[in-house]
Peer 1: 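Okay, here's the structure, questions in a sec.
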Amino acid sequence: MASEERLSGSYGEMEEQNERLESEIFNIPDPSVKGRVNGFLFYGGSVYDVWFSACSNQIAQVLLTLPTSFAQLGYPSGVALQLFYGIVGCWATYMITWLYMEYRSRMEREGHTFKIHIIQWFEVLDGLLGRKWKFLGLGFNCVYLLFSAITQLIACGSNIFLLNNDLNKREWTYIFGACCLVTIFIPSFRNYRLWSFFGVVTITYTSWYMTVAALFYGQAPGATHDGPNSLLLYFTGATNILYTFGSHAVTVEIMHAMYRPVKFKYVYLFATLYIFTLTIPSSMAVYWAFGDSLLVNANALALLPKSAARDVAVLLMLIHQFITVGFAVTPLYFVWEKILGVHQTTNMLLRATCRVPVILPIWFFAIAFPFFGLINSVGGCLLVTFTVYIIPCLAHIVYFSNSSLRAPSVEKPPFFLPTWTAVYVVNIFVIVWIVAVGVGFGGWASVSVFIKQVQTFGVFAKCYQCPEAS
């Protein structure tokens, strides 16, 4: 009981400190106009800032591929799986939040401070479960984030080609890869306030443009809706949706940027509910309009007629994909800085220089494997499954299997699952489902289709899924 009181006291002190920071959000240290403007636009850790970050990071180029998933799945499964994986994603995020708060409260009780050091998921696993878990989390997380950044770069080349086809998609990827080098100068997720806000604007406009435009132009002549046509396509589409709601690989870094990180579980839930209002209507409308033709063109914007409104959507998605590359590579920068021993230095130029080797392989692989849309499913089955679903749920089970750790836990089972047994049952269900459906069937389907695409288009394809020249 004494240990529980000590832990709760430390946790309460941490919350008081963070609440004090939140109340001082507009007290900009630099009194100059420039300092106040920079602080207002680029520096924030409130629940509102993090809601924008969570929404902006939840969906990016995958918004344009979800109608293809509906063509592979059909309407009922498309809607049901979006709702299901959205809920599962919220639960896995809750597990990550729980373990993060457990780790941070323990470390701060022992006298550690995190004014400069940014906590990451692999450090949470290391502190609570040991080095084997650390390397497990580090390996999957880094590869997944690398992969996520690659998919955003691929999408940049695919989208800009809709506006200007003077260059092929590979050449556009060269250019956007170079542009993404500027992400090395962004210190942390607290500096994404303006970008996160703008990211939500971009996906909101694009999703509703897709919905309205599909309904306005009506069904394409001869449009058919035969999905699902095969198990191969069905599980490829299902895995793309799993990937869609698996953006919480950067949960810990975003949560650490909050003044009150304990609120993140609520922030992420409301972010997911908002994302539903974007993904479900746009996916249904575009699939209704174009039907099974989406199976041979994974970019929904490519099927909509060229117009000023569509060009705006393309430009906004380009900006959003650039922002999302930053979301994906920033945790990788932190890991690399810690390896080199420069993470806590105040010399941003030194940190930026050390970050360059991280972005270069992302640039290379985006050029080598430009399979827009399909690559989401491959990443979903091989990486997202373990990184953001299986490992968090399994880590929670293992850590709290020790009854002496359950009583002093800073978080308690939620009101809708009031017992520890119920929490374990949900975690076990999530693990079994993801292993069987995500890794098993999803892996078989996605890798099979990926191999076919490599055989068809080759590696370093100049213009993947481009229309044939007349």
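All residue numbers refer to positions in the sequence shown, counting from 1. Just so we're clear, the structure is a prediction, and the values are computed from it rather than from any experiment.
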Peer 1: Are the side chain of Trp121 and the backbone N or O of Gly137 linked by a donor-acceptor pair below 3.5 Å?
Peer 2: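 Not a single qualifying donor-acceptor pair exists.
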Peer 1: Does the plane of the ring in Phe334 sit parallel, tilted or perpendicular to the ring in Phe189? Use 30° and 60° as the thresholds.
Peer 2: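 Perpendicular, since the angle between the ring planes exceeds 60°.
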Peer 1: Got a donor-acceptor contact below 3.5 angstrom from the Arg355 side chain to the Tyr333 backbone?
Peer 2: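 No.
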Peer 1: For the rings on Tyr234 and Phe441, is their centre-to-centre separation under 6.0 Å?
Peer 2: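 No; Phe441 has its ring centre 6.0 Å or more from that of Tyr234.
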Peer 1: Quick check on salt bridge (charged side-chain N to carboxylate O under 4.0 Å, His left out): which of Arg193, Arg260, Lys263 does Asp49 satisfy it with?
Peer 2: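 Only one of Arg193, Arg260, Lys263 forms a salt bridge (charged side-chain N to carboxylate O under 4.0 Å, His left out) with Asp49, namely Arg193.
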Peer 1: Over 60° means perpendicular and under 30° means parallel, so tell me whether Tyr94 and Trp91 are parallel, tilted or perpendicular.
Peer 2: perpendicular
Peer 1: Could you check, using the six-membered ring where one of them is a Trp, whether Phe198 and Trp195 have ring centers closer than 6.0 angstrom?
Peer 2: no
Peer 1: Quick one: does Thr244's side chain have a donor or acceptor within less than 3.5 Å of a partner on Asn240's backbone?
Peer 2: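 Indeed, once roles are kept as given, a pair shorter than 3.5 Å links the two residues.
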Peer 1: Between the side chain of Ser409 and the main-chain N/O of Arg406, is any donor-acceptor distance below 3.5 Å?
Peer 2: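 Pair absent, no side-chain N/O of Ser409 close to backbone of Arg406.
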Peer 1: Taking the side chain from Thr387 and the backbone from Phe140, do they hold a donor-acceptor pair closer than 3.5 Å?
Peer 2: yes
Peer 1: What class does the angle between the rings of Phe327 and Tyr192 fall in, given that below 30° is parallel, 30 to 60° is tilted and above 60° is perpendicular?
Peer 2: parallel
Peer 1: For the pair Thr206 (side chain) and Ile203 (backbone), establish whether a donor and an acceptor sit closer than 3.5 Å, ignoring hydrogens and angles.
Peer 2: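 Checking the backbone N and O of Ile203 against the side chain of Thr206, no donor-acceptor pair under 3.5 Å is found.
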Peer 1: Tell me every residue that passes side-chain hydrogen bond (donor to acceptor under 3.5 Å, both in side chains) with Tyr85, counting only those two or more places apart in sequence or in another chain.
Peer 2: Trp433
Peer 1: When you look at Phe245 and Phe276, which way does the ring-ring contact (aromatic ring centres under 6.0 Å, His included) test go after all the steps?
Peer 2: CA-CA 10 Å; Phe245 293 97; Phe276 285 151; 5.6 Å; yes
Peer 1: With no hydrogens and no angle check, is any side-chain donor or acceptor of Gln72 less than 3.5 Å from a backbone partner on Phe235?
Peer 2: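 No; judged by distance alone, with no hydrogens or angles, the pair does not exist.
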